[in-house]
Amino acid sequence: MGGQREVTTSLDAVRDKNLMQLKKMNTALFPVRYNDKYYADALASGEFTKLAYYSDICVGSIACRIEKKEVRVDRVYIMTLGVLAPYRGIGIGTKLLNHVIDLSSKTNVAEIYLHVQTNNDDALNFYKKFGFEVTETIENYYMNITPPDCYVLTKFITQSQPPK
């Protein structure tokens, strides 16, 4: 009688066939429109770009770009991470970010970084909980949004050692 059904959250890879879902998510979440290069980078990042589902509803995403910094050492740039407002605070953003952090520690990634608007205290506090730190301030980074300044947040990754 009226038993509670457990709702699950899951992550799914972004592929050509569901790329439109990422585009719709970005339109709902962010005040900017992303170009074709953004989506090409997201697809090229493979497992680093994910859609988040609550039950069967797409409610969030993380899109990354892999950058070659030095020989055989990569860094990951989080282009976007967002969760629809009604689904915030229940661990979906945490699940998305932890996925990228865990994947980075198992691969050849030395650091993860991103840009956050200087007045976005919620995002700053969120990332700091995961060990990200402000490593730079860039003035006039954003066009058409106020304030235009951003912080660069970076997390340096310790590689996990395979079991012996």
Side-chain angles (χ1 to χ4, degrees), residues 3-67 74-134 141-142 145 150-160:
Q4 286 287 81
R5 184 174 86 100
E6 187 174 321
V7 178
T8 59
T9 59
S10 60
L11 303 182
D12 189 25
V14 175
R15 302 173 290 283
D16 283 327
K17 70 177 190 171
N18 64 0
L19 186 62
M20 187 54 68
Q21 198 70 49
L22 178 61
K23 290 181 178 183
K24 287 179 182 174
M25 192 60 46
N26 286 347
T27 299
L29 289 167
F30 305 112
V32 294
R33 297 294 156 253
Y34 294 97
N35 59 23
D36 290 341
K37 182 179 180 340
Y38 166 98
Y39 292 102
D41 287 343
L43 284 171
S45 79
E47 287 296 307
F48 283 93
T49 294
K50 293 286 190 181
L51 295 171
Y53 290 86
Y54 180 83
S55 191
D56 293 328
I57 305 162
C58 186
V59 297
S61 63
I62 189 165
C64 298
R65 178 175 69 224
I66 309 283
E67 299 177 349
D74 296 335
R75 68 182 189 164
V76 171
Y77 174 61
I78 298 176
M79 298 186 292
T80 54
L81 166 60
V83 176
L84 296 174
Y87 300 93
R88 292 179 189 154
I90 58 172
I92 295 169
T94 294
K95 189 170 195 167
L96 287 163
L97 186 56
N98 275 333
H99 168 77
V100 168
I101 292 169
D102 292 345
L103 190 57
S104 296
S105 71
K106 294 173 185 166
T107 57
N108 219 22
V109 173
E111 64 186 73
I112 304 170
Y113 78 105
L114 61 129
H115 296 91
V116 173
Q117 197 173 10
T118 54
N119 69 338
N120 191 342
D121 292 333
D122 288 344
L124 286 168
N125 292 330
F126 175 75
Y127 288 109
K128 285 179 178 179
K129 285 191 309 194
F130 293 88
F132 284 79
E133 53 194 65
V134 174
Y141 177 79
Y142 297 108
I145 59 174
C150 78
Y151 295 121
V152 177
L153 276 71
T154 305
K155 178 176 179 66
F156 298 95
I157 301 298
T158 304
Q159 300 301 309
S160 59

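In this structure, NZ in Lys24 is found 6.0 Å from CD in Gln21, a value given to the nearest 0.5 Å. Atom CD of Gln117 sits about 10.0 Å away from atom CG of Leu124, to the nearest 0.5 Å. The line from CG of Leu114 to SG of Cys150 is 9.5 Å long, rounded to the nearest 0.5 Å. The structure places CZ of Arg65 at 8.5 Å from CZ of Arg75, a figure rounded to the nearest 0.5 Å. How far CD of Glu111 is from CG of Asp74: 10.5 Å, rounded to the nearest 0.5 Å. The structure places OG1 of Thr94 at 4.5 Å from CZ of Phe126, a figure rounded to the nearest 0.5 Å.
Across every non-hydrogen atom of Ala52 and Ile92, the tightest pair is CB-CG2, 3.5 Å. When all heavy atoms of Gly60 and Met25 are compared, the pair lying nearest together is N-SD, 3.7 Å. Of all non-hydrogen atoms in Leu51 and Val14, the two that sit nearest each other are CG-CG2, 3.7 Å. Taking all atoms of both residues into account, the shortest heavy-atom contact from Met79 to Cys64 is CE-O, 3.5 Å. Between Ala63 and Thr49, the shortest heavy-atom distance links the atoms CA-OG1, 3.6 Å. When all heavy atoms of Asn26 and Ser61 are compared, the pair lying nearest together is OD1-OG, 4.1 Å.
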Could you give me the CA-CA distance, side-chain angles and deciding distance for Phe30 and Ile145, then say whether side-chain contact (heavy atoms from CB on, under 4.5 Å) is met? CA-CA 11 Å; Phe30 305 112; Ile145 59 174; over 6 Å; no

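The shortest side-chain heavy-atom distance between Leu29 and Thr80 does not fall under the 4.5 Å cut-off. Side-chain contact check for Leu43 versus Asp16: some heavy-atom pair is nearer than 4.5 Å. Counting only heavy atoms from C-beta outward, the side chains of Val134 and Val152 never approach each other to under 4.5 Å. Looking at Val100 and Ile62, their side chains come closer than 4.5 Å, going by heavy atoms from C-beta outward. Residues Thr8 and Tyr53 fail the side-chain proximity criterion, which asks for heavy atoms closer than 4.5 Å.
Checked against ring pair (Phe, Tyr, Trp, His ring centres under 6.0 Å), Tyr142 has no partners two or more places apart in sequence or in another chain. In this view, Tyr38 and Tyr34 satisfy the ring pair (Phe, Tyr, Trp, His ring centres under 6.0 Å) rule, not counting sequence neighbours. Shown here are the side chain to side chain donor-acceptor pair (under 3.5 Å) partners of Lys17, two or more places apart in sequence or in another chain: there are none. Here Arg88 pairs with nothing under the salt bridge (charged side-chain N to carboxylate O under 4.0 Å, His left out) rule; sequence neighbours left out. Applying the ring pair (Phe, Tyr, Trp, His ring centres under 6.0 Å) rule to Phe48 yields no partners; only residues at least two apart in sequence or on another chain are considered. By the ring pair (Phe, Tyr, Trp, His ring centres under 6.0 Å) test, Tyr87 is found to be paired with Tyr54, residues two or more places apart in sequence or in another chain being considered. Lys95 meets the side chain to side chain donor-acceptor pair (under 3.5 Å) test with Thr9; sequence neighbours excluded. Applying the side chain to side chain donor-acceptor pair (under 3.5 Å) rule to Asp12 yields the partners Arg15; only residues at least two apart in sequence or on another chain are considered. For the salt bridge (charged side-chain N to carboxylate O under 4.0 Å, His left out) test, residues two or more places apart in sequence or in another chain that qualify with Lys37 are Asp41.
Results of the side chain to side chain contact (heavy atoms under 4.5 Å, CB included) test with Ile78 over Leu97, Leu96, Val116 single out Leu97 as the only residue that passes.
Annotation: salt bridge (charged side-chain N to carboxylate O under 4.0 Å, His left out) contacts involving residues 43-64, sequence neighbours excluded, comprise Glu47-Lys50. Sorted by first and then second residue, the pairs that involve residues 100-124 and meet ring-ring contact (aromatic ring centres under 6.0 Å, His included), not counting sequence neighbours, are Tyr77-Tyr113, Tyr77-His115, His115-Tyr141. Listed by first and then second residue, the side chain to side chain donor-acceptor pair (under 3.5 Å) pairs that reach into residues 118-129 come to none, sequence neighbours excluded.
Heavy-atom contacts from other residues, nucleotides or ligands closer than 6.0 Å to CG of Asp36 number 12 or fewer.
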